[in-house]
Amino acid sequence: MPSPRRWRPSRSTGRASVVETWRPNGYDTAMPTYEKTYLKDIVSRELSLAQRSLGDVAGTSTIEIRPSERPEFGDYSTNLAMIEAKASGRVPRKVAEALTAALAKILSAAGIAKAEVAGPGFVNLFLSPACIRSALRSLLADGDEYGSSQRGGGVRLQVEFVSSNPTGPLTVGHGRQAVLGDVLAALYERLGYDVQREYYFNDQGRQVDLLAESLWVRYRELFGESREIPEGGYQGEYLKDMAVEVRPIVGAGHKEFNADTLMIFRAQAVTRISDGIRKDLDALGIRFDSFFSEATLHRDGKVDAALKGLRAHNAVYDEEGAVWLRAEDFGGAKNSVLIRSDGRPTYVMVDIAYHMDKRSRGFERVIDVQGADHQVEQTCVKAALRALGIPETFLSYAVHQFVSLKQGGAVQRMSTRAGRFVTLRDLLGEVGSDVVRYFMISRKPEAHLDFDLDLAKSQSLDNPATYIQYAHTRIASLFRKAGVETISPDVDLAPLEAREELELIKKLDLFPEVLETAAISFAPHLVAEYALDVARSFHAYYDRFRVLGEAERVIAARLALLHAVRIVLARSLRVLGMTAPEEM
RNA sequence: GCGCCCGUAGCUCAGGGGACAGAGCAACGGCCUUCUAAGCCGUUGGUCGGAGGUUCGAAUCCUCCCGGGCGUGCCA
């Protein structure tokens with residue numbers, strides 16, 4: 001069970017994988033939505049009632065209400081008394097006793113049935129079975145909308161991810177970012193944001209020029225010439241294949257590499273690679289709303305305009321013929337060049353212009369998913385936006401570490417330029433989208449990911465992705481057998497009284513909070529963990545409890561419970577971009 | 001040198017101030033006349049990299065050290 005990560009105000013010293021984070025705004029209670037979860041809301045309400053009767057002011061900032069770790073600790077535990085004691089200099093257990101006494105006076109069958117003091121001052125809360133069952137009824141009422149909310153209030157949010165240079169096929173490494181970005185986007189959609197997925201194309205500049213020249217070299221090789229791939233150019237085999245494709249289109253000339261050749265080969269290379277990238281993304285089930293071309297920024301004068309803006313805010317200075325960003329004065333890691341001494345803008349300059357453009361397109365929030373190697377640049381862009389007076393909450397970076405491939409026990413870093421990589425397409429050919437997505441998302445972003453190729457290829461039976469999907473399948477199969485399609489809203493849930501059944505309901509109750517925490521903390525792996533946990537609980541339950549053949553009302557109640565499990569599994573898999581099969 | 005990330009069971013990893021540290025895989029032992037056994041149950045397995053410190057309480061926060069990764073470009 002993942003104990004959901006607590007949200008913290010943004011601090012530069014906070015979790016570095018979340019350079020900035022924020023609280024969703026625009027709360028709207030019209031839609032199914034919870035402060036925490038259905039049950040925690042109940043507990044929280046009764047606790048504050050009790051607290052108020054004691055004359056204490058609820059300081060709810062750091063108090064925790066969470067599922068108890070052991071049965072004798074009840075259903076939920078809170079550290080409220082210990083926090084309160086610390087604030088007021090009182091003795092924790094005394095505060096806890098006063099609180100439980102106050103709770104005893106308001107105990108309602110609808111909620112907390114019993115409260116006990118334990119340990120250093122925990123208050124353990126026992127919920128009535130009816131109360132727990134009411135969470136199930138609420139879940140069933142939400143149906144396929146369970147876990148969604150309108151907290152985002154329709155705020156326009158852009159998630160920018162992958163944004164790989166069109167200089168080579170997507171690698172396994174890009175795959176991680178692709179899945180991470182896509183799942184983050186899906187999470188924010190669930191939270192009621194108006195989300196756009198954008199891919200930024202660096203289709204201008206030195207890298208694509210080098211690509212064009214590298215392609216041209218391969219092209220000349222077809223005529224028996226032997227030429228050097230330029231310094232920093234692209235060595236990969238894929239350009240040899242491409243040269244063969246391109247030859248009949250561009251003809252036999254082009255003996256020298258000049259401005260014309262550059263344009264022709266660049267257009268060929270960029271178009272072909274971009275098409276390939278889109279196909280790869282498609283194979284992963286990722287669809288972008290927008291592909292944004294860097295070239296348009298230059299063409300439309302956005303880069304000049306951004307520089308002008310920075311100058312007006314006294315954020316730049318001239319030195320050694322170059323224009324520098326005063327990044328350090330605005331919280332950046334390092335002053336950096338914006339305009340080279342030869343007059344060409346740097347990547348950072350263009351990136352600043354790009355973000356100005358995002359802002360002018362009306363996005364209130366932007367999440368950039370990037371690899372950890374962009375750390376310094378990120379602080380520079382942030383510094384520039386700060387200098388321009390753009391609110392801190394506008395831009396957040398979701399940073400992830402790299403993927404290494406593990407094969408035959410050896411770990412290898414990949415490099416597109418050196419032509420040393422395993423393509424995403426090759427991987428997808430062998431493992432399948434669902435498993436790839438699960439592998440990519442199941443690790444926290446800030447941890448390095450060793451993608452074990454042998455395991456992924458050979459061990460599809462033992463992997464968690466299959467385990468979760470199988471749980472969904474078993475439930476679907478049961479409903480087919482039972483010939484039941486819908487659950488009546490007023491089904492009698494009273495037969496659900498076994499400990500396992502109530503535990504299962506409590507677990508399902510956590511779903512909305514898991515989604516929200518995963519989104520806010522940029523931690524999609526929490527959803528993967530949670531889904532696995534639910535699947536595990538289901539399998540254990542399903543093995544011990546029969547459904548068909550029991551008394552009529554028991555069948556109905558258990559089907560209702562399993563329907564709820566199916567909803568949560570299907571919703572989880574959906575957010576992760578995985579299929580929820582009806583049969584396997 | 002400086003900045004950031006990681007170090008938890010044999011392996012891959014969750015947990016990021018709370019009560020005896022969790023899961024999957026691996027190993028060992030059980031469970032199919034019954035809703036998919038692609039499953040379940042049990043056992044074995046840990047100086048939470050190390051040392052100090054803060055706290056009623058530290059795997060979690062602070063300092064230092066060790067090991068691995070990424071940065072520290074007028075590359076992107």
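A note on names: the letters A, B, ... follow the listed sequences, proteins ahead of strands, and every chain is numbered from 1. These numbers come from the heavy atoms of this one structure, side chains and all, not from hydrogens, waters or symmetry mates.
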Mind listing the side-chain donor-acceptor pairs of residues 546-561 of chain A below 3.5 Å, one per line with the distance, residues two or more places apart or on another chain?
unit_1: A:R553; atom_1: NH2; unit_2: A:D492; atom_2: OD2; d: 3.2
unit_1: A:R558; atom_1: NE; unit_2: A:E501; atom_2: OE2; d: 3.0
unit_1: A:R558; atom_1: NH1; unit_2: A:R546; atom_2: O; d: 2.6

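Applying the side-chain hydrogen bond (donor to acceptor under 3.5 Å, both in side chains) criterion to A:Q177, with sequence neighbours excluded, gives A:H400. Remark: A:K358 engages A:E160, A:D368 in a salt bridge (Lys or Arg N to Asp or Glu O under 4.0 Å) (not counting sequence neighbours). Residues that satisfy the salt bridge (Lys or Arg N to Asp or Glu O under 4.0 Å) test with A:E69, not counting sequence neighbours, are A:R66. Residues satisfying the side-chain hydrogen bond (donor to acceptor under 3.5 Å, both in side chains) test with A:D75, not counting sequence neighbours, are A:K506. Residues meeting the side-chain hydrogen bond (donor to acceptor under 3.5 Å, both in side chains) test with A:R566, sequence neighbours left out: none. For A:R326, there are no side-chain hydrogen bond (donor to acceptor under 3.5 Å, both in side chains) partners two or more places apart in sequence or in a different chain. With sequence neighbours left out, the ring pair (Phe, Tyr, Trp, His ring centres under 6.0 Å) criterion links A:F330 to no other residue. Partners of A:R437 according to the salt bridge (Lys or Arg N to Asp or Glu O under 4.0 Å) rule, which considers only residues two or more places apart in sequence or in another chain, are A:D182.
Counting to the nearest Å, the P atom of B:A38 and the OH atom of A:Y542 are 13 Å from each other. When rounded to the nearest whole Å, the span between NE2 of A:H174 and P of B:A76 equals 16 Å. Straight-line distance from the OH atom of A:Y541 to the C1' atom of B:C35: 12 Å, rounded to whole Å. For A:K444 and B:G7, the NZ to P distance is 5 Å, given to the nearest whole Å. With rounding to whole Å, A:H472 atom NE2 is found 16 Å from B:A38 atom C1'. As a whole-Å value, the separation of A:F538 CZ from B:G39 C1' is 9 Å. Nucleotide B:C75 holds its P atom 13 Å from the CD atom of A:E231, rounded to whole Å. In this structure, A:D450 atom CG and B:G68 atom P are separated by 15 Å, rounded to whole Å.
Nucleotides B:A51 and B:G67 have their C1' atoms positioned 15 Å apart, rounded to a whole Å. Atom C1' of B:G57 sits at a distance of 8 Å from the matching atom of B:G17, rounded to the whole Å. With C1' as the reference atom, B:G45 and B:A9 are 6 Å apart, rounded to whole Å. Nucleotides B:G29 and B:U44 place their P atoms 15 Å apart, quoted to the nearest Å. Separation of the P atoms belonging to B:G18 and B:C28 is 37 Å when rounded to the nearest angstrom. Nucleotides B:C75 and B:G15 are separated by 39 Å at their C1' atoms, to the nearest Å. Only the P atoms considered, B:G10 is 37 Å distant from B:U72, to the nearest whole Å.
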Pairs under 3.5 angstrom, nitrogen or oxygen only, protein versus nucleotides 55-59 of chain B, please.
unit_1: B:G57; atom_1: O6; unit_2: A:K86; atom_2: NZ; d: 3.1

Show each protein N/O and nucleotides 29-34 of chain B N/O combination with a separation under 3.5 Å, one pair to a line.
unit_1: B:U34; atom_1: O2'; unit_2: A:R546; atom_2: NH2; d: 3.3
unit_1: B:U34; atom_1: O2; unit_2: A:R546; atom_2: NE; d: 3.1

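Closest approach of A:Q378 and A:G371 over heavy atoms only: NE2-O, 3.8 Å. Scanning all heavy atoms of the two residues, the minimum distance from A:A528 to A:I441 falls at CB-CG2, 4.0 Å.
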Once pairs are restricted to Watson-Crick or G-U wobble with both distances under 3.5 Å, how does RNA chain B read as a dot-bracket string, [ ] for crossings and | for other-strand pairs? (((((((..((((....[...)))).(((((.......))))).....(((((..]....))))))))))))....

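In terms of phosphate contacts, A:Y467 brings a side-chain nitrogen or oxygen within less than 4.0 Å of OP1 or OP2 of B:C40. Put simply, A:R66 has no side-chain N or O that comes within less than 4.0 Å of OP1 or OP2 on B:G17. For A:R443 and B:C6, the shortest distance from a side-chain N or O to OP1 or OP2 is not below 4.0 Å.
Classified by its glycosidic torsion, B:C41 falls in the anti category, the angle being over 90° from 0.
Under the 3.5 Å distance criterion, the side-chain polar atoms of A:S293 are matched with a main-chain donor or acceptor of A:A295.
The residue A:S77 sits close to a base: some heavy atom pair falls under 4.0 Å. Contacts of A:E69 with the nucleic acid, taken as non-hydrogen atoms under 4.0 Å apart, involve only primed sugar atoms and P, OP1 or OP2. Contact annotation for A:N124: base contact, defined as any heavy-atom pair under 4.0 Å involving a base atom. Within 4.0 Å (heavy atoms only), A:E72 reaches at least one base atom of the nucleic acid. Nucleic acid contact for A:A118: base, since at least one base atom lies under 4.0 Å from a heavy atom of the residue. A:V547 comes within contact range of at least one nucleobase, with a heavy-atom separation under 4.0 Å. Looking at heavy-atom distances under 4.0 Å, A:F479 makes no contact with the nucleic acid at all. A:H539 comes within 4.0 angstrom of the backbone, heavy atoms only, and of no base. If you check every strand for non-hydrogen atoms under 4.0 Å, A:A333 touches nothing.
Between A:R386 and A:D329 there is no salt bridge, since no side-chain N of the basic residue sits under 4.0 Å from a carboxylate O of the acidic one.
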Working for ring-ring contact (aromatic ring centres under 6.0 Å, His included), residues A:Y200 and A:Y354: CA-CA 9 Å; A:Y200 178 58; A:Y354 176 41; 3.9 Å; yes

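For A:L478, the side-chain atoms get nearest to B:C35 when compared with the rest of B:A14, B:C35, B:U72.
Here A:F122 packs flat against the base of B:A19; its ring centre is closer than 5.5 angstrom to the base's six-membered ring, tilted by less than 30 degrees. Between the side-chain ring of A:F402 and the base of B:G69, no stacking contact exists by the 5.5 Å and 30° definition.
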